[in-house]
Structure formats: C-alpha cells, structure tokens
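Every heavy atom of this structure was used, including side-chain atoms; hydrogens, water molecules and symmetry mates were not. None of these values were measured; they are calculated from a predicted model. Numbering of residues begins at 1 and proceeds along the displayed sequence.
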Amino acid sequence: MICATLPVPPSANRLWRVFRGRMVTSADYAAWKATAGLILNVAAAGKSIQGPYALTIRVGVLKGRRLDLDNYLKPLNDLLQSCGAVRNDSDCQCVDIAWATGVQGATITVTATNLIPRK
C-alpha cells in the first residue's frame with residue numbers, strides 16, 4: 001500500500017496548452033508535478049505496485065470554487081505512473097474519489113488488487 005498527501009493538482013482542463021501549434025505541458029502542471037513527485041517519492045519510499053491496483057482519493061474542499069471532482073483523477077493517476085509508484089495507470093481497476101473536509105490538498109491511497117484478473 002502507498003499513501004501520500006499531495007498538493008491539489010491543476011484541473012485536467014489545465015494540464016496542456018497549445019504553444020506555436022503544439023500541445024505542451026502547462027507551467028502550472030509542470031510545477032505541480034515536480035513538487036508532488038518529490039512528495040510521492042518520499043512517501044512511497046521505493047515501493048511500487050506492479051499490477052492491478054485500486055486508488056482512493058480524497059480532495060480537500062476548496063471554498064468559493066466550483067470544480068469538477070473527476071478532473072483530479074487524471075493528473076494524480078499519471079503522477080503515480082511517472083514516479084514509478086505503479087507500473088502503468090491502465091492497471092487501475094477501481095477508483096473511489098470524494099471531497100473531504102479537514103484535508104489539505106489531496107490524499108491518495110494505492111492498494112494492490114485483482115478485482116478483474118487479466119489474461
């Protein structure tokens with residue numbers, strides 16, 4: 001199991017930007033990914049899940065902002081893969097995501113699972 005509390009990622013709508021006709025990572029996403037990646041690497045302490053996993057996410061309520069909760073799934077799942085905490089984000093078999101009071105940022109818990117055996 002891997003658990004971490006990370007800064008709230010930018011919305012999936014703000015991960016990419018067009019620059020000179022090409023899609024590039026937005027500055028906000030690159031900065032978040034660098035900071036959150038360091039935190040995740042320390043929290044994971046070399047642990048990695050090399051197969052199917054379940055992901056639980058709790059996002060702290062941001063006052064005064066209307067946001068779509070599902071927009072946080074993509075950057076968090078991509079971060080898990082880019083940091084090596086999971087082999088591939090396509091191995092995610094179950095997601096439980098919710099707003100939470102008393103949470104600063106986003107807490108994630110990654111648990112090995114085998115809900116749907118792969119052939």
**Prompt:** Looking only at heavy atoms, what is the nearest atom pair of D89 and V86, with distance?
**Reply:** N-CG2, 4.4 Å

**Prompt:** How many angstroms lie between CG in D68 and CG in L73, if you round to the nearest 0.5 Å?
**Reply:** 12.5 Å

**Request:** Please go through F19's hydrophobic cluster and name the other residues, only I, L, V, M, F, W, Y counting, with side-chain heavy atoms under 4.5 Å joining them.
**Result:** V24

**Request:** Output the distance between atom OG1 (T25) and atom CE (M23), rounded to the nearest 0.5 Å.
**Result:** 9.0 Å

**Prompt:** Going by atom types only, do D28 and S26 share a side-chain donor-acceptor pair under 3.5 Å?
**Reply:** no

**Asked** Can you name the side-chain hydrogen bond (donor to acceptor under 3.5 Å, both in side chains) partners of N71, sequence neighbours left out?
**Response** S11

**Asked** Which heavy atom of K33 sits nearest a heavy atom of S82, and at what distance?
**Response** CE-OG, 3.5 Å

**Request:** Could you list the residues that satisfy side chain to side chain contact (heavy atoms under 4.5 Å, CB included) with A36, not counting sequence neighbours?
**Result:** L6, P7, W32, L79

Let me check something: any side-chain donor-acceptor pairs from residues 100-111 under 3.5 Å, sequence neighbours excluded? List them with distances.
none

**Heavy-atom pair of closest approach, residues A54 and T113** = N-CG2, 3.5 Å

**Message:** Looking at every heavy atom in both N114 and P52, which two are closest together, and how far apart are they?
**Reply:** OD1-CG, 3.9 Å

**Request:** Grab the two heavy atoms, one from P10 and one from P75, that are nearest each other, plus how far apart they are.
**Result:** O-CG, 3.6 Å

**Message:** Which residues pass the side-chain hydrogen bond (donor to acceptor under 3.5 Å, both in side chains) test with D70, not counting sequence neighbours?
**Reply:** none

**Distance (rounded to the nearest 0.5 Å) between T5 OG1 and L40 CG** = 11.0 Å

**Fill in**
Residue pairs passing the side-chain hydrogen bond (donor to acceptor under 3.5 Å, both in side chains) test with at least one member in residues 39-60, sequence neighbours excluded, are S48-Q50, Y53-N77, R58-D96

**Fill in**
In short, C92 meets L55 closest at the heavy-atom pair SG-CB, 4.1 Å

